[in-house]
There are 2 protein chains.
Amino acid sequence: MKETSAPPGTVPQGTPPPQSPHPPSAPAPPAPAALAAKVRTLAPSMTRSMQRVAEAVAGDPAGCAALTVTGLAGLTGTSEATVVRTARLLGYPGYRDLRLALAGLAAHQQSGRAPAITTDIAVDDPIADVVAKLAYDEQQTLADTAAGLDTAQLGAAVAAVAGARRTDVYGVGASGLVAQDLTQKLLRIGLIAQAHSDPHLAVTNAVQLRAGDVAIAITHSGSTGDVIEPLRVAFERGATTVAITGRPDGPVTQYADHVLTTSTARESELRPAAMSSRTSQLLVVDCLFVGVAQGTYETAAPALSASYEALAHRHRR
Amino acid sequence: MKETSAPPGTVPQGTPPPQSPHPPSAPAPPAPAALAAKVRTLAPSMTRSMQRVAEAVAGDPAGCAALTVTGLAGLTGTSEATVVRTARLLGYPGYRDLRLALAGLAAHQQSGRAPAITTDIAVDDPIADVVAKLAYDEQQTLADTAAGLDTAQLGAAVAAVAGARRTDVYGVGASGLVAQDLTQKLLRIGLIAQAHSDPHLAVTNAVQLRAGDVAIAITHSGSTGDVIEPLRVAFERGATTVAITGRPDGPVTQYADHVLTTSTARESELRPAAMSSRTSQLLVVDCLFVGVAQGTYETAAPALSASYEALAHRHRR
DNA sequence: CCCGGAACGAAAATATCTTTCAGGGGTGAC
DNA sequence: GTCACCCCTGAAAGATATTTTCGTTCCGGG
């Protein structure tokens with residue numbers, strides 16, 4: 001018999017990438033998930049050998065999917081012909097298609113058992129669980145942050161930075177890295193930006209700010225004195241001030257013209273709050289950056305490609 | 001060659017891939033659902049023809065699962081050999097197994113929800129859309145990274161760091177911030193760690209490493225000379241070396257005992273690759289950290305609370 | 001005891017997958 | 001600018017897997 005699905009040289013379907021239609025679900029021949037039921041239904045009409053095969057298939061779809069005709073025949077103590085006959089009886093054109101369906105079924109039921117990722121990370125969690133849980137938590141943090149972000153405030157902050165003479169960013173500890181990340185990006189699109197993690201230098205720099213400049217403070221707790229102080233100075237010098245914080249009611253906001261709220265996820269002993277706050281802050285910072293890049297596209301685009309090219313030589317062949 | 005998948009009575013899988021270039025080669029277990037991610041990760045190292053095949057496969061898993069080698073080759077305008085080569089590159093023993101995985105994936109996503117809108121960010125997108133798209137993309141990046149992360153390699157890296165005399169981390173540019181992030185965390189649980197972004201200092205420090213020490217290089221491109229060089233030195237001094245890179249076939253891996261792969265998302269003009277690579281790298285680093293914290297819980301727990309308390313009085317009332 | 005029918009498996013026949021090999025195109029060296 | 005080299009690529013040979021064919025065996029009934 002010829003290949004059931006696609007003739008080699010001909011033009012079976014002229015549509016390569018288009019998604020296959022979902023509405024017309026399983027018609028009749030390819031049973032999607034009701035395989036076990038089908039086996040029970042058809043069992044009476046099967047011969048002994050075929051029943052053995054059907055039983056094996058229904059019992060361990062995943063395992064059988066990994067077997068060839070010969071393998072399955074050997075496993076069930078029958079012959080290849082019997083296996084093919086069974087596949088036919090179950091409604092498939094041949095063993096090949098049964099096997100394909102089997103693989104799908106296996107994947108399906110494997111995804112069925114949802115890992116309890118809502119749990120906290122325990123000391124004895126296997127490493128695979130740690131990965132799953134962390135990824136899940138960070139995804140959750142991102143969703144929360146996006147949902148809680150005030151786009152009006154963000155828009156105002158974007159406009160301020162896009163039109164600023166210079167932008168100073170304050171952050172210490174983990175937030176300091178976020179501050180640097182933002183700074184790096186702004187520099188890449190040709191803006192003048194600087195990150196400060198040294199409180200003293202931050203304050204002395206803040207004094208130089210004036211109207212038209214922007215100061216951004218990043219602090220999860222909203223009460224980090226080392227970051228509030230320079231922001232206060234900048235505020236009093238007339239600069240536009242922005243606070244990125246997880247505590248929109250914290251002290252830092254009293255000197256902030258615009259407040260961007262980051263989300264606060266539950267923390268645990270093994271998962272310090274710094275982790276999710278960092279994720280959240282980075283998303284906010286990314287949004288800010290992209291917004292600014294949009295607003296200054298004329299200059300941002302060439303600056304981006306220039307910096308990209310400048311780095312090209314630093315890569316080995 | 002005998003049946004690639006499984007002899008009758010024995011274990012189904014467990015077949016390591018054909019060749020391993022170096023001792024630290026990822027076994028690359030048959031990817032279950034991480035296919036799209038894998039395609040993106042490996043795309044840069046593919047040839048044009050192979051990319052066409054990979055694209056078709058990633059674009060329409062269900063459709064491709066129904067095709068034979070010849071059919072897929074015809075559809076993509078390539079040859080059977082190329083299709084098989086692509087399957088190999090994606091980590092499967094041959095096309096047969098890729099097809100099987102494809103069937104599983106198809107069943108998987110048919111049951112799952114619709115894949116969301118994946119439009120690029122445009123210059124004139126309203127700020128709310130920017131937030132939504134960025135959040136979605138970063139979530140996707142996290143999922144891809146988690147799916148593509150080799151837990152065996154991660155476990156090995158965790159063990160190495162947990163037992164290390166000292167740990168050095170190399171990273172420049174955006175990866176430098178990730179390196180600092182990791183370092184900060186490790187310091188917090190009482191380990192000795194240092195981040196280097198100055199290539200010269202990194203090398204001079206690497207010379208001091210010896211067996212029992214760990215060196216970690218972080219580079220998205222996998223070919224950043226400034227980061228490879230210190231890793232090479234550390235490798236030759238006998239330290240355990242780890243590479244965190246988006247290019248598991250890049251130059252950096254030749255000096256790495258363990259390779260942790262980050263995901264590569266499509267980039268656009270307004271969304272530089274650095275953004276998603278950073279997200280991906282951070283997740284990997286977080287996993288590494290939590291793993292190490294688990295392994296050294298006896299000392300990590302008190303160290304964590306100590307550092308927490310030490311910071312408390314830096315917060316304003 | 002012999003006959004008819006169905007089940008079953010061995011092996012041939014076919015299709016499919018994998019490997020090998022040689023040509024073509026591009027790149028770096030000189 | 002030319003040459004040599006290497007890698008990509010596809011055609012075809014070679015190896016495997018699947019399907020079909022066909023003969024044998026096993027029962028139950030006449």
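Worth knowing before you read on, the calculation uses all heavy atoms, side chains too, and leaves out hydrogens, waters and symmetry mates.
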Point to revise | By salt bridge (charged side-chain N to carboxylate O under 4.0 Å, His left out) - contacts of B:E55 (at least two apart) | key: none
Point to revise | By salt bridge (charged side-chain N to carboxylate O under 4.0 Å, His left out) - contacts of A:R85 (at least two apart) | key: none
**Study point:** Option among B:D144, B:T145, B:T141 that satisfies the side-chain hydrogen bond (donor to acceptor under 3.5 Å, both in side chains) test with B:S280
**Key:** B:T145
Check your understanding: Okay, side chain of B:T262, backbone of B:G246: is any donor-acceptor separation there less than 3.5 Å?
Key -> yes
Review point. Do B:L154 and B:C287 touch side chain to side chain, with heavy atoms closer than 4.5 Å?
Key: yes
Between [N] atom [atom2] and [X] atom [atom1], what is the distance in whole Å?
X	N	atom1	atom2	answer
B:Q51	D:dC8	CD	C1'	13 Å
B:R96	D:dA15	CZ	C1'	11 Å
A:L100	D:dT18	CG	C1'	14 Å
B:R99	C:dT16	CZ	C1'	9 Å
A:L72	D:dA17	CG	P	14 Å
A:L67	D:dA17	CG	C1'	13 Å
B:E80	D:dA11	CD	C1'	9 Å

**Study point:** Minimum-distance nucleotide (side-chain atoms of B:A81 versus C:dC17, D:dT19, D:dA11)
**Key:** D:dA11
Check your understanding: Out of C:dT18, D:dT20, D:dA17, which has the shortest distance to the side chain of A:T68?
Key -> D:dA17
Study note, to complete from the structure: Taking every heavy atom of B:L98 against every heavy atom of B:A87, the minimum-distance pair comes out as CD2-CB, 3.8 Å
Contact list (N/O, under 3.5 angstrom) for nucleotides 4-8 of chain C vs protein:
residue: C:dC8; atom: OP1; partner: A:S49; partner atom: N; Å: 3.2
residue: C:dC8; atom: OP1; partner: A:S49; partner atom: OG; Å: 3.1
residue: C:dC8; atom: OP2; partner: A:T47; partner atom: OG1; Å: 2.2
residue: C:dC8; atom: O5'; partner: A:S49; partner atom: OG; Å: 3.2

Review point. Below 4.0 angstrom from OP1 or OP2 of C:dT19, is there any side-chain N or O of B:R88?
Key: yes
